[in-house]
Amino acid sequence: PRWLARHHKDAPKGWPGPIWEAQAQQITIYHGREPDARFLAEAASRDSGRSFTASTVLIDEWAYQQWAREIWQAAYPTINRPTGGQVIGLSTAKPATQFHEIWVGAEHEWRRPDAPANGFYGVFLPWTADPRRTPEWYEATKAALPATYRAEYPATPDEAFSCGQDLAFPEFDFNVHTCEPFEIPVGWSRYRGLDWGFAAPFAALWAAVDYDGTLIVYREWYQNRLHVPEVAAGILDRSKEETFAGSVADPSIWARAGHSGPSIGEDFGKHGLWWCKADNDRLQGWAAVHQRLRVDPETGKPAIRIFRTCKNLIRELGHAMQDPHRAEDVETNQSDHALDSLRYICLARPYAPSKPKEPEPWWLKKAERKPFNWRAQL
């Protein structure tokens, strides 16, 4: 306001307060004769933020910046000083982006427990933050933007990061495809799948098939920096008293890359855990996952349900993006380890077990039927 600061051409003689002047991408505020504060705007490019020292950096629409990682690499040293600095990132949510990676590690009530802390504090503004937005307005918005309304006007962070036109699995719905844990019946067929990783996380999944053919993913183990003996012991310990119809793993664990030593698959066998080579056809695998996510119009139910304790699989299903150059594939430059394990299980042709027959009532059993002898009753 003019009573607080004046444009340098508008300030009266003897004006004691601050004055400011502006150029196309810069505003400078003077307290006296020396410039005390400067606001500088830069267009997004690979070198944005370099050669400047700033007390505060504000990155707008961070998730949609083409050079987001390069800008962050250049901007971070400008505020990473012993005297401190501040970065403010603002953006519409978009999964599988640097902004998303920072969000999951930021301090807030939705923080993912396994994500390393990064010094940020997260603030989420739902569509209800504007009191002028009524439920009627929201329903009209949903009708106008059926594919993107959750991204533009989300109710929760999970909803914000689990939507968009480029999602690999847009049919995934947390309320439809997940359930609270329950005891798996003894008669259901059980399967295991493994996507191996050491520096990158490995993902082991346990699944069962009910009598209707629905795949129930009931357990996951998602970790990195563990060696084969530790992983084998952990999977065997988690599989106690369970019998499996199939255990499949990424075929790459049997690759030797030219050396003559034992493969990772052989190392697993030495420690008592044997795997079959999974079908690694990516397109067929994703097609199988899509088919199981499909809701049957007659029953109103999907062919897969996931325990809500399998948080990494749920996260990857909701956030995976399709490959921009191969629409039927999932982009590989993102977290997809649990998804790969699920793909292996789906291509293992898990079958529905036969439903056990209920015992016949005693009066219908032939062995217990006796002809009625009326003479014997005389």
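On a predicted model such as this, the values are computed, not experimentally measured, just so you know.
- The side chain to side chain contact (heavy atoms under 4.5 Å, CB included) search around Pro135 returns none, not counting sequence neighbours.
- For Glu21, the CD atom counts as densely surrounded, since its 6.0 Å shell holds more than 12 non-hydrogen atoms of other residues, nucleotides or ligands.
- In this structure, the separation between CG on Leu194 and OG on Ser247 is 9.5 Å, given to the nearest 0.5 Å.
- With a 4.5 Å cut-off on side-chain heavy atoms, Leu273 and Arg192 count as touching.
- Here the shortest heavy-atom pairing between Ala43 and Ser48 reads O-OG, 2.6 Å.
- Arg315 forms a cation-pi arrangement with Tyr222, by the criterion of a distance under 6.0 Å to the ring centre and an angle within 45° of the ring axis.
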Discussion item. Show, in sequence, the C-alpha distance, side-chain angles and deciding distance for Trp221 and Trp206, and conclude whether the ring pair (Phe, Tyr, Trp, His ring centres under 6.0 Å) test is met.
Written reply: CA-CA 9 Å; Trp221 187 18; Trp206 286 255; 7.4 Å; no
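- Of the possible polar contacts, none joining the Asp267 side chain to the Val228 backbone as a donor-acceptor pair under 3.5 Å is found.
- Between Phe202 and Trp196, the ring planes lie parallel to each other; the angle is under 30°, not in the 30° to 60° tilted range.
- Counting heavy atoms from C-beta on, the side chains of Asp36 and Ile29 never come closer than 4.5 Å.
- With rounding to the nearest 0.5 Å, the separation of CG in Asp195 from CG in Leu205 is 9.0 Å.
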Item to complete: Using the salt bridge (Lys or Arg N to Asp or Glu O under 4.0 Å) rule, take Glu101 and Arg69 through it: C-alpha gap first, then chi angles, then the decisive distance, then the call.
Response: CA-CA 11 Å; Glu101 294 170 5; Arg69 297 183 188 278; 2.7 Å; yes
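- Closest non-hydrogen pair, Pro18 versus Leu4, comes out as CD-O, 3.2 Å.
- For the pair Arg133 and Trp127, the cation-pi criterion (under 6.0 Å, within 45° of the ring axis) is not fulfilled.
- Within 6.0 Å of atom CD in Glu266, more than 12 heavy atoms from other residues, nucleotides or ligands are found, so the atom counts as buried in its surroundings.
- The CZ atom of Arg343 sits 5.0 Å away from atom CZ of Arg282, with the distance rounded to the nearest 0.5 Å.
- In the displayed structure, Phe244 atom CZ is contacted under 6.0 Å by more than 12 heavy atoms of other residues, nucleotides or ligands.
- For the residue pair Trp62 and Gln98, a side-chain donor N or O sits within less than 3.5 Å of a side-chain acceptor on the partner.
- In this structure, Phe307 and Ile216 have side chains that are in contact, with non-hydrogen atoms separated by less than 4.5 Å.
- The stretch residues 239-252 participates, sequence neighbours left out, in these salt bridge (charged side-chain N to carboxylate O under 4.0 Å, His left out) pairs: Arg190-Glu242, Arg219-Glu242, Asp237-Lys240.
- Between Ala44 and Gln65, the shortest heavy-atom contact is CB-OE1, 2.8 Å.
- Under the side chain to side chain donor-acceptor pair (under 3.5 Å) criterion, no residue pair touches residues 207-216, with sequence neighbours excluded.
- Ion pairing between Asp296 and Lys301 fails under the 4.0 Å rule for side-chain N and carboxylate O.
- Of the residues Trp103, Phe124, Tyr121, the one that meets the ring pair (Phe, Tyr, Trp, His ring centres under 6.0 Å) test with His108 is Trp103.
- Residue Ala338 comes nearest to Glu316 through the heavy atom pair N-OE1, 2.9 Å, listed as atom of the first residue, atom of the second, then distance.
- Salt bridge Arg238/Glu220: absent, no basic N to carboxylate O contact under 4.0 Å.
- Leu145 is listed as a side-chain neighbour of Tyr153, based on a closest heavy-atom distance under 4.5 Å.
- Ion pair Arg308/Glu180 flagged as a salt bridge, since at least one NZ, NE, NH1 or NH2 atom sits closer than 4.0 Å to an Asp/Glu carboxylate oxygen.
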Discussion item. Before you tell me yes or no, could you show the steps for Thr332 and Gln334 under side chain to side chain donor-acceptor pair (under 3.5 Å), namely the whole-Å CA-CA distance, both residues' side-chain angles and the distance that decides it to 0.1 Å?
Written reply: CA-CA 5 Å; Thr332 58; Gln334 58 185 328; over 6 Å; no
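- In this structure, SG in Cys310 is found 12.5 Å from CZ in Arg305, a value given to the nearest 0.5 Å.
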Item to complete: Start with the C-alpha distance between Trp20 and His7, add both sets of side-chain angles, then the distance that settles ring pair (Phe, Tyr, Trp, His ring centres under 6.0 Å), and finish with yes or no.
Response: CA-CA 5 Å; Trp20 60 273; His7 188 268; 4.8 Å; yes
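- With salt bridges taken as basic N to acidic carboxylate O contacts below 4.0 Å, none links Arg326 and Asp323.
- Annotation for Asp281 and Asp279: closest pair N-OD1, 3.0 Å, computed over non-hydrogen atoms.
- Of all the heavy atoms in Tyr64 and Thr92, the pair that sits closest is CE1-O, 3.5 Å.
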Discussion item. Please evaluate residues Phe198 and His227 with respect to the criterion ring pair (Phe, Tyr, Trp, His ring centres under 6.0 Å), reporting the C-alpha separation (whole Å), side-chain torsions for both, the decisive distance (0.1 Å), and the verdict.
Written reply: CA-CA 7 Å; Phe198 177 74; His227 297 280; 4.9 Å; yes
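- Separation of the Trp275 and Trp254 ring centroids does not fall under the 6.0 Å cut-off.
- Between Trp188 and Tyr218, the distance separating the two ring centers is not shorter than 6.0 angstrom.
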